[in-house]
Amino acid sequence: MLRSGGVGSLLIIERSKRNLCNYATEFGSLLMGIYGRNIENDFDGEKGTFTFGYDIDVNGALTSQNEVTVELKIN
């Protein structure tokens, strides 16, 4: 995921891999570990879902576990 604006960041999520990402804010930057737990998609060409789960750690300490589901429909 790419965040743009006044301060940009790049978040890389890969299944069963831990990536180090620099997360910039207006107050400074954090180095975070991002571990992709699951990445799944179900798309039939017109509609579908995309689901992924990831954990975030800062300095090796788990700070959050996240699940994202995106539903899409092409008209």
Side-chain angles (χ1 to χ4, degrees):
M1 291 187 280
L2 181 61
R3 185 182 82 183
S4 59
V7 180
S9 293
L10 176 63
L11 177 69
I12 300 171
I13 301 171
E14 295 178 274
R15 182 183 353 212
S16 301
K17 271 189 154 179
R18 182 175 179 264
N19 288 290
L20 292 176
C21 299
N22 187 32
Y23 186 78
T25 73
E26 59 190 33
F27 303 105
S29 296
L30 294 169
L31 186 61
M32 300 187 310
I34 311 297
Y35 178 78
R37 285 184 278 115
N38 62 305
I39 300 174
E40 300 173 11
N41 70 71
D42 180 20
F43 183 66
D44 66 10
E46 294 183 20
K47 63 182 179 182
T49 59
F50 177 63
T51 303
F52 60 98
Y54 62 98
D55 299 339
I56 298 176
D57 70 78
V58 177
N59 293 329
L62 182 64
T63 57
S64 69
Q65 294 182 306
N66 307 278
E67 290 283 336
V68 177
T69 298
V70 177
E71 295 182 6
L72 58 111
K73 181 179 176 183
I74 298 175
N75 293 326

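All heavy atoms count here, side chains included; hydrogens, waters and symmetry mates do not.
By the salt bridge (charged side-chain N to carboxylate O under 4.0 Å, His left out) test, Glu14 is found to be paired with Lys17, residues two or more places apart in sequence or in another chain being considered. Qualifying side-chain contact (heavy atoms from CB on, under 4.5 Å) partners for Ser64, counting only residues two or more places apart in sequence or in other chains: Ile56, Asn66. The side chain to side chain donor-acceptor pair (under 3.5 Å) test applied to Gln65 returns no partner, not counting sequence neighbours.
Screening residues 49-67 for salt bridge (Lys or Arg N to Asp or Glu O under 4.0 Å) gives Arg18-Asp57, Arg37-Asp55, Arg37-Glu67 as the qualifying pairs, with residues at least two apart or on separate chains. Each salt bridge (Lys or Arg N to Asp or Glu O under 4.0 Å) pair with one or both residues in residues 43-54, not counting sequence neighbours, would appear here, but there are none.
Using a 30° and 60° split on the angle between ring planes, Phe50 and Phe52 fall in the tilted class, from 30° to 60°.
Residues Phe43, Leu72 make up the rest of the hydrophobic cluster containing Ile74, defined by ILVMFWY side-chain heavy atoms closer than 4.5 Å, directly or through other members.
With hydrophobic clusters built from ILVMFWY side chains whose heavy atoms lie under 4.5 angstrom apart, Val70 shares a cluster with Ile39. One hydrophobic cluster holds both Val58 and Tyr54 under the rule that ILVMFWY side chains link at heavy-atom gaps under 4.5 Å. Clustering ILVMFWY residues whenever any of their side-chain heavy atoms sit less than 4.5 angstrom apart, transitively, puts Ile13 in a cluster other than the one holding Leu62.
Going from atom CG of Leu20 over to atom CD1 of Ile12 covers 10.0 Å, rounded to the nearest 0.5 Å. A distance of 8.0 Å separates CG in Asn19 from CD1 in Ile34, rounded to the nearest 0.5 Å. Thr51 OG1 to Asn41 CG: the interatomic distance, rounded to the nearest 0.5 Å, is 9.0 Å.
Across Thr49 and Glu71, no two heavy atoms sit closer than the pair CG2-CG, 3.7 Å.
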